[in-house]
Amino acid sequence: MSKDLQYYERRQAAVIRKRIRSRLDALLLTQAADIRYLCGFTGSSAVLVFARQGPAFFTDGRYTQQAGEEVAAIQTIVSEGSPFLRALQWIKESKVRTLGLDFAHCTVSSLHQVKQQVGKKVELRDCSGMVEGLRLIKDAEEIARIRLAIKLGSALFPTALKHIRSGIRESQVAAEIEYEARRRGAEGMSFETIVAGGARSALPHGRASRERLPQRGFVVLDFGVILTGYCSDMSRTVHLGKPDARARTMYEAVLRAQLAAIKRVRPGVAVSAVDEAARSVLNKAGFGQFFTHSTGHGVGLEIHEAPRIAGKQRQKLQPGMVITVEPGIYIPGEGGVRIEDMVLVTERGCEVLTPTTKRLITI
Ligand code: ZN
Ligand code: ZN
């Protein structure tokens, strides 16, 4: 805890600076990932308020012990009823005039409650993305945790290979991956495991179904684990049976696109340039129209966070960002290929964090 404490204190200090710079008397946070990031709490019922008199953490009676063990450097208030209402009451008593809220994650009813509880005189301001903006750049502690999540995640690939064969259900392969993840200590999967065989490999989000893997064709695997709160995310595509020339061409095009995009990853480069690098390789190879999603996304406490690695996004890469690079091609009725690594933006360029081989594996 003592080692972690400095990270939480540093992150809290950054939020306090943002609150002051935005001239807010208080900032109310409800997103679980933001709260975990700022004070270490891993439960689900919590509200965090940064006010002039200091930060305060609100939870309910089910989490008294957990909050005592986990919440770092913040006074804790255990409410009898809803922690959200208790926090609003506290804000009201604190004579707040400007209150920042994460509008992007506010429901209509919660906004209604805020207005009702704190009164009409309080000015509400949209602070969407304020904490996510901090979470964009991972500190040393986060990078260490992400590395461990990736290590566990990539260790599941050999398990998947052991079970992939024609005739097995996609869901059975997913079950083996997920069982092994839990056995190795994962807190959970970071999203629903994708195992998509044959023509189903052309579905970019082909969740493992009851379908059986075919005699021949691609199998797209996309999975990740959560370990100490942080997500991993990787995709590999293998081939059942000997790949024909067309399949090889598809695979090589995606691999070249992925490598070209990784090559562009360095501080100061616009995320759109990374997307463009992948897209231009696939365009030249004649598969451009089949690359139907963006090239990647940030990963951290959440599986999809900023930045989005897509065209038209002007955001520039900075050291400490952790992103995925995952171009793919999906030909309806035929099949698809995706290759995805997690990449850390370093001072001078980048480091590919996913250690798994990208040569085409035939089963
Ligand atoms: Zn993925
Ligand atoms: Zn991804």
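Indexing begins at 1, ligand by ligand and atom by atom, following the structure's order.
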Return the orientation label for the Tyr63 and Phe41 ring planes: parallel under 30°, perpendicular over 60°, tilted otherwise. perpendicular

Could you tell me the separation between the CZ atom of Phe58 and the CG atom of Leu28, rounded to the nearest 0.5 Å? 8.5 Å

Parallel, tilted or perpendicular: ring planes of His293 versus Phe291, cut at 30 and 60 degrees: perpendicular

Assess whether a salt bridge exists between Asp60 and Arg62, defined as any Lys/Arg side-chain N lying under 4.0 Å from an Asp/Glu carboxylate O. yes

Result block: side-chain N/O donor-acceptor pairs under 3.5 angstrom for residues 345-355, not counting sequence neighbours:
{"residue": "Thr346", "atom": "OG1", "partner": "Gly349", "partner atom": "N", "Å": "3.1"}
{"residue": "Thr346", "atom": "OG1", "partner": "Gly349", "partner atom": "O", "Å": "3.2"}
{"residue": "Thr346", "atom": "OG1", "partner": "Cys350", "partner atom": "N", "Å": "3.2"}
{"residue": "Glu351", "atom": "OE1", "partner": "Arg147", "partner atom": "NH2", "Å": "3.0"}
{"residue": "Glu351", "atom": "OE2", "partner": "Arg147", "partner atom": "NH1", "Å": "2.9"}
{"residue": "Thr354", "atom": "OG1", "partner": "Met342", "partner atom": "N", "Å": "2.8"}

Please tell me if the side chains of Thr98 and Arg23 come closer than 4.5 Å, counting only heavy atoms from C-beta onward. no

So which protein N/O/S atoms does the Zn ion (ligand 1) have within less than 2.8 Å? Asp222 OD1, Asp222 OD2, Asp233 OD1, Glu340 OE1

Within 2.8 Å of the Zn ion (ligand 2), is there any N, O or S atom belonging to His304? no

